[in-house]
Every structure is written in C-alpha cells, then in structure tokens.
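Given the structure is predicted, the values throughout are model-derived calculations rather than measurements. Reminder, nothing fancy here: chain letters follow the sequence lines and each chain counts from 1.
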Protein chains: 2
Amino acid sequence: MAARNPDKPAARASKAAKKRSAAPRRPGRPSGSASAIDQRNRLIDTALTLFAQQGIADTTLAAIAKAAGVTPAMLHYYFKTREQLLDVLIDERFLPVRKSIEEVFEANADDPAVAIIKLVQRFMSIAEEYPWFASIWMRGVLSERSLLKDRIRERFGDAHQKSAFQCIVRWQAEGRLNADLEPSLVFMSLLGLTMLPLTAVKMWRDDPLRRELGAKEIARHALALLMHGVVSPRPAKKKLEKQVP
Amino acid sequence: MAARNPDKPAARASKAAKKRSAAPRRPGRPSGSASAIDQRNRLIDTALTLFAQQGIADTTLAAIAKAAGVTPAMLHYYFKTREQLLDVLIDERFLPVRKSIEEVFEANADDPAVAIIKLVQRFMSIAEEYPWFASIWMRGVLSERSLLKDRIRERFGDAHQKSAFQCIVRWQAEGRLNADLEPSLVFMSLLGLTMLPLTAVKMWRDDPLRRELGAKEIARHALALLMHGVVSPRPAKKKLEKQVP
DNA sequence: CCGTATATTAATTACCTAGTTAATTAATAT
DNA sequence: ATATTAATTAACTAGGTAATTAATATACGG
C-alpha cells in the first residue's frame, strides 16, 4: 500500500527527541543510554502497538521505526527481517498470553459456569495488561492465511482445543450446559462477547453514546448475556404495558 | 506491503483464458463479449471477494485485475482511482445491505425477542447471498480509521443507532429485556455471535473439528445462547453425576 | 590506552504499487 | 464506406517498501 499514507499520527516515543531535534543525530553507538535488550523490547512494544492500531499488513517497518524514534535499519539489526520480527512477537509476547487462557479453561473443567466466568475475567485482565492483545487476536481470527494462525497451530497444536471441545460435549451430556449450543462455537462466542467489543471500543473514541465503556462494563454485559440470555431473568409479567395514565 | 507477495492463488476467472493462453491478447476492443456494465460488475465482485478474503489494505489493484483476468489499466478505466473504487463498492453494494439490517430492527421495535430472532435470521440470509459482507464488515469494526466507517457514518449518520439504543433502553425499563445488559453493546454482541463466526468458519476450511459448520448451525447456536444463556434451560438436576456403575 | 565488539545512521538496491498515456482493435452511427 | 466512440492492452512514471551495506561513534576488556 503505497502512495496514500501521507501522515500517520504514530505516537512519537518520548525518548526520541533528546535535546534540540534540529541536529539530526549522526551515526554511531549512543553514549550510556538504555541497554540493547531494552531497545529491543521497546521496538517490540512499538510494533505491537501499531499492529493493534492499524493491523499488521498496514504497518510498515518504517512506521515502526519512526514511532520508536530510530531508523529502519535498527529493525534489521535486531530482527533481521520482517518475518522474523513477527516470529519474535508471537513467540515472546503472544503465545504466553494465549497459553494462560487455555490454562483457565483446563483448571475449571469441572464446572461450566465457573469456567466461563473465570474465562471472561481472564480476558479482561489480559486486555488491561496487554492492550494490543485483543485487537491482534481478533484480526488474526478474521484472516485466512493469517500470519498468526499457522504459526500458533504449529507451535502448540490443537490438543487444548480438542480437550476443551470434549469438555463442552461432556457438560452437555450431563445436562449442565445448554444442549442447543454448538460445542465448536462456544469459544468463538466468548471471543465475540469479550475480545471483539474490547477491540471495538478502542476504535470508538469519538462516539458519544459509548464513550464511557470499559472492560468492567463489557464483562458485566457479557456475563449477563451468557448467564441468562437477552430476556429478563425475572419472569416478565406480560400485560403491564398499559399502566394508568 | 511490497516484496513479499510472490504468488497469491487469486482464483482465476474462467472467462479470462479464451483459447490458447499462449497468445497474450493484443490490445483493442474485444469482439462481442460481455457488455461494459457486466465487466464493471465483474470487477466489483472480484474486488469484494478479494477484500473479504485478504482485507482491503492487503489487496492491490493489480491483484484484483489479475483475478478478473484483465490488466490494471481496466480498473483505472472503470473506476479512475482506488479510492473511487472503494466509494463505488460502499455505495452500490455495502450500504444497501447495511440498510436492510437496520430496517429489520425498526420493523420489530415492539418485541425484543422477535426483533433479535429476525435480526439473526437476516444476518444469515445476507451471509448466504453476499458472501463478502460479513468479513468486510467485521474487518471494518476492528479498524480504527476504517475506510468504511467514516463513509458509512457520513452517508447515513447515526440516527438508526440512536433509535435502536433508545429502543433497547425502553425494553429494559419495561422489564422485557435483561436489565444487566449494556444497551450500547447489544448490537455488537449480535455481531459477535453471528457475523464473527460466519467469517471465521470460512477461514477454517482445513479444521477437522469444525468442518461442517454452516449458517444454519451458527444461527441455531446464536439463538440458543441469546434466548437462554450457556446454562441448561432445564433446571439442571444437580446430583446426577454418579449414576449406577 | 588500544583493539575489538556493539549500537546506530546514511545511503543504496531491487522490487512493488497506484496511476497515466498512447496505441490498438471492435462496435456503432451516419 | 467512413468517422466516431468504446473497450482494451502495453509501456511508462513517480513514489513506497524491505532489506542490505558501509561508515561512524561509543563501550569495554585486557
């Protein structure tokens, strides 16, 4: 995508402009300054932030470099290629979080209600700690030859998915879970009620109706829906519409 | 995104290779053949298909041309610029569908259950008739400065959204809708339970567990969840786990 | 205090991408 | 028949992108 990207905002790193930004920083190793490992992590964080905001395909190496206040050559220095940057992102940042989700499910395999509640809560705490996670994951769900999906499958197979699936089937057989649900869609539904709105609200910064929505409200809404459905839990006294005028 | 796109599959149009594809088609107006309006529509359809598969940003004009079996100059001939192609897509294809969704909601403003059931069904029939719709919309939801969102807001404001919001609030006040739901998230939840899985299953073509999932199963699942929540509608007789061995 | 390893930029390369134009052929109206 | 209009490709331009290299400046161990 060239020729139509005149000026991304690209939240400039504070550390970038040291003194007078007029003198444009000659080459050479900087004096003192942060260690290389910090710089590397800073680049990873910057990349994750931009990927979450604009999507992976839309984010050029130059944009990441600019947002981090360095030249594109730095990315080559630390990650060699764009592909390898993605590998690093996935291995070092994405997979650990993803794994912690699976654990919640497996740790509560004896009670559907608790498992679901805990899962929703975990989603929320992840969203708070890693603001890039929900967006990047949701984008991955919608991408066919996702940069993520193949690698994730590659790196921890679908054993977790299968066990979760069987767990759901068992719950249904025991009458503890709504038997009309499709087992293979339960997890996707949880995503749709948590990660999806979490991502969406970040894109709504200028919408007056839904300005004050945060993780708390989303969790409350999702749990209310998951536990009781859309209709009122109270048995809905029917002919109450026409009250005294 | 350049330099890493060696060979997209790009389902070649059947009409493209007329006889021996060895002779590479000289310039000039083709004999007989489809009318210009058909050609234009064919290009629009091709673009929508690719946008749905790979996302808008990932799809170059050259890719669209190749998939349609023409040269990139054809796109310039019919649409002048990429931006205008997007405008055409939105105005001629996207907005009418989008509008038909709003209508369903407003036509059933007197009964929440019916409104929601009809809405889910409408989503499913849209997915069947316009396979590109769900994917493109969901991608739009996740994009900050979405190419779509601004234009859509621009073209039919948020009057519909506001009236839907107030409708939900009213239902809650009347005790006919779960009062713990967040009004501004109800529509997003419907998306998350319908459009999201509809899009996702298309990306799962090689997943054995969820191969046979279609619109029918997704609708059934979504309605089951919306009407009763995850727990079993039957009051769940508790101590039935240890039956006779 | 000196050589080597490390961190950084400027400059360059090969390749995409959007958009434009001129040439070419068929259809259509006169 | 002939001129005009429509539809199409090849060839080109200007600018972006990922990746690489050479130069440069600091850190650090002996």
Who is the Watson-Crick or G-U wobble partner of C:dA27, with both distances under 3.5 Å?
D:dT4
Separation of C:dT6 atom P from A:Asp38 atom CG, nearest Å, is 17 Å
Measure the distance from CD1 on A:Ile56 to P on D:dT17 and round it to the nearest whole Å.
17 Å
Nearest whole Å is fine: how far is D:dT8 P from B:Phe79 CZ?
12 Å
Rounded to the nearest angstrom, tell me the gap between atom CD in A:Gln84 and atom P in D:dT20.
10 Å
Between A:Phe187 and A:Trp137, what is the ring plane arrangement, given parallel below 30°, perpendicular above 60°, and tilted in between?
tilted
Is the distance from OP1 or OP2 of D:dT9 to the nearest side-chain N or O of B:Tyr77 less than 4.0 Å?
no
From C-beta outward on B:Leu61, which listed nucleotide comes closest to its side chain: D:dA19, C:dG19, C:dT9?
C:dG19
Using only side-chain N and O atoms of A:Gln39, determine if any of them is under 4.0 Å from OP1 or OP2 of C:dT8.
yes
What closest approach, in Å, do B:Ile64 and B:Thr46 show between heavy atoms, and which atom pair accounts for it?
O-CG2, 3.7 Å
Atom CG of B:Leu85 and atom C1' of C:dT17 are separated, to the nearest Å, by 15 Å
Rounded off to whole Å, could you give me the NZ-to-P distance for the B:Lys66 and D:dT9 pair?
15 Å
Taking atom types as modelled, find out whether A:Glu182 and A:Ser184 have a side-chain donor-acceptor pair closer than 3.5 angstrom.
yes
Spacing between B:Arg40 atom CZ and D:dT8 atom P, to the nearest angstrom
14 Å
Distance-minimising heavy-atom pair for A:Leu196 and B:Gly192:
CD2-CA, 3.6 Å
To the nearest 0.5 Å, tell me how far A:Leu185 CG sits from B:Glu217 CD.
8.5 Å
Here the distance between atom C1' of C:dT9 and atom CE of A:Met74, to the nearest Å, is 10 Å
Complementary nucleotide for C:dA18 - Watson-Crick or wobble, under 3.5 Å:
D:dT13
N/O to N/O distances under 3.5 Å, protein versus nucleotides 20-22 of chain C:
unit_1 : atom_1 : unit_2  : atom_2 : d
C:dT20 : OP2    : B:His76 : NE2    : 3.0

If we ignore hydrogens and angles and just use 3.5 Å, is the side chain of A:Arg139 paired with the main-chain N or O of A:Ala52 as donor and acceptor?
yes
On a heavy-atom basis, which atom in A:Pro197 and which in A:Leu191 lie closest, and how many Å separate them?
CD-O, 4.3 Å
